[in-house]
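Order of the sequence lines sets the chain letters (A, B, ...), proteins ahead of strands, with each chain counted from 1.
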Protein chains: 2
Amino acid sequence: MIGRVTADNEVIDADLVERLRARGQRVTSQRLVINRMLRSRDQHVTAEEVLGAVTQTLPGTSLPTVYATLELFEQLGIVRRVNAGGGAVLFDSRTVEHHHLICRTCGAVQDVDANVELEAVFAAARRSGFAPDRAALVVDGVCADCGSSA
Amino acid sequence: MIGRVTADNEVIDADLVERLRARGQRVTSQRLVINRMLRSRDQHVTAEEVLGAVTQTLPGTSLPTVYATLELFEQLGIVRRVNAGGGAVLFDSRTVEHHHLICRTCGAVQDVDANVELEAVFAAARRSGFAPDRAALVVDGVCADCGSSA
DNA sequence: ATGACTGCAAACTCTTTGCACAACA
DNA sequence: TGTTGTGCAAAGAGTTTGCAGTCAT
């Protein structure tokens with residue numbers, strides 16, 4: 001766990017402030033709180049989950065603000081949008097390479113830590129004129145809970 | 001291209017009829033026409049695109065029927081659901097392994113033919129009790145058109 | 001002071017559901 | 001003839017937009 005210790009809020013806040021200042025954008029309490037929430041979970045979340053957690057600290061926060069902030073954070077490179085099955089959109093703040101497992105039965109999403117060799121795909125993409133940036137691997141299947149209860 | 005010649009409609013129809021009979025399900029003109037359309041394109045399509053093409057042959061076909069049929073075809077193994085970016089859902093009738101490139105700028109989706117070694121991810125998934133079935137790799141980036149016009 | 005950000009409400013898109021009629025087996 | 005499948009209309013979920021007020025700078 002070296003290098004992946006949960007940083008305290010001051011450090012987390014300072015980091016966000018720096019990123020926002022660099023782009024001439026404002027520091028608001030909503031942005032700070034959402035950022036803290038994301039970092040403390042270090043795991044994919046839905047917009048609703050963000051709202052639920054943020055509301056405890058900052059009552060009255062609205063869903064449009066959550067979406068706007070998550071979109072901003074995506075541009076800042078803090079979160080990554082992940083299209084899970086069924087049109088569900090997740091926001092993932094984990095920066096280490098990992099992929100997602102989606103249960104066909106209950107829809108639960110979990111992480112897998114595994115490296116996938118993507119260079120061949122990226123190379124094939126470039127050959128067709130496409131400039132690849134990131135790749136997301138989503139695995140369908142049946143999770144442990146649903147598999148044992150079936 | 002051996003083994004991937006466009007089959008004529010009789011063969012395509014017969015194949016579907018067989019699959020439906022095997023499950024005790026009915027053969028309807030909507031199902032036949034949608035199946036033909038998917039096979040003739042051999043490429044990812046949206047529900048709207050299916051409706052547009054099918055309506056030319058079978059006017060009055062409805063969107064709910066298209067969705068119901070695509071869901072049935074998914075169970076039959078004829079199509080695969082692909083969650084592209086932005087909540088767009090595609091139905092892919094290509095059976096050969098391939099992945100998808102999604103342009104961040106215009107949203108266009110194109111195929112890449114490349115093999116990705118998934119065994120490591122599948123093994124990691126199994127280790128956590130998850131029974132993997134299929135994997136979909138989606139690559140974000142900028143397509144040739146958008147890259148050259150930027 | 002001034003312009004960006006927030007909250008509220010409503011619109012929007014895509015997909016699914018309920019029900020009556022039609023059509024396959 | 002008995003279901004299954006279809007079409008229509010409407011509901012639903014999740015996300016985005018417009019606008020007025022508020023707050024960071």
Value rounded to 0.5 Å, distance of CD1 in A:Ile34 from OG1 in A:Thr61: 7.0 Å
First locate atom CG of A:Asn9, then atom CZ of A:Arg36, and finally report the distance between them rounded to the nearest 0.5 Å.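 The CZ atom of A:Arg36 is 3.5 Å from CG of A:Asn9, to the nearest 0.5 Å.
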Among A:Val82, A:Val139, A:Val116, A:Val138, whose side-chain contact (heavy atoms from CB on, under 4.5 Å) with A:His99 holds? A:Val116
What is the distance, rounded to the nearest whole Å, between atom CD of B:Gln30 and atom P of C:dC21? 18 Å
Find the distance A:Leu51:CG to C:dG7:C1' and express it as a whole number of Å. 12 Å
Side chain to side chain donor-acceptor pair (under 3.5 Å): which pairs involve residues 120-129 of chain B, sequence neighbours left out? B:Glu119-B:Arg126
Kindly list each side-chain donor-acceptor pair under 3.5 angstrom involving residues 43-50 of chain A, sequence neighbours excluded, with atom names and distances?
unit_1, atom_1, unit_2, atom_2, d
A:His44, ND1, A:Asp111, OD1, 3.0
A:His44, NE2, A:Val109, O, 3.1
A:Thr46, OG1, A:Glu49, N, 3.1
A:Glu49, OE1, A:Thr46, N, 3.0

A side-chain contact here means heavy atoms from C-beta on lying under 4.5 Å apart; do B:Leu38 and B:Val79 qualify? yes
Other cluster members, B:Val142 - Ile/Leu/Val/Met/Phe/Trp/Tyr, side-chain contacts below 4.5 Å: none
Go through residues 56-63 of chain B and report each residue with a non-hydrogen atom lying under 4.0 Å from DNA chain D, sorted by number. B:Gly60, B:Thr61, B:Ser62
I'd like a table of atom pairs between the protein and nucleotides 22-25 of chain D - only N or O on both sides, under 3.5 Å - with the distance next to each one.
unit_1, atom_1, unit_2, atom_2, d
D:dA24, O3', A:Val27, O, 3.4
D:dT25, OP1, A:Val27, N, 3.0

What's B:Glu48 touching, base or sugar-phosphate or nothing? Going by heavy atoms closer than 4.0 Å. nothing
Counting side-chain heavy atoms from CB outward, which of D:dT16, D:dA9, D:dG5 is closest to B:Pro64?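 Within the option list, the nearest is D:dA9.
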Considering only residues two or more places apart or on different chains, which pairs with a residue in residues 106-130 of chain B satisfy ring pair (Phe, Tyr, Trp, His ring centres under 6.0 Å)? none
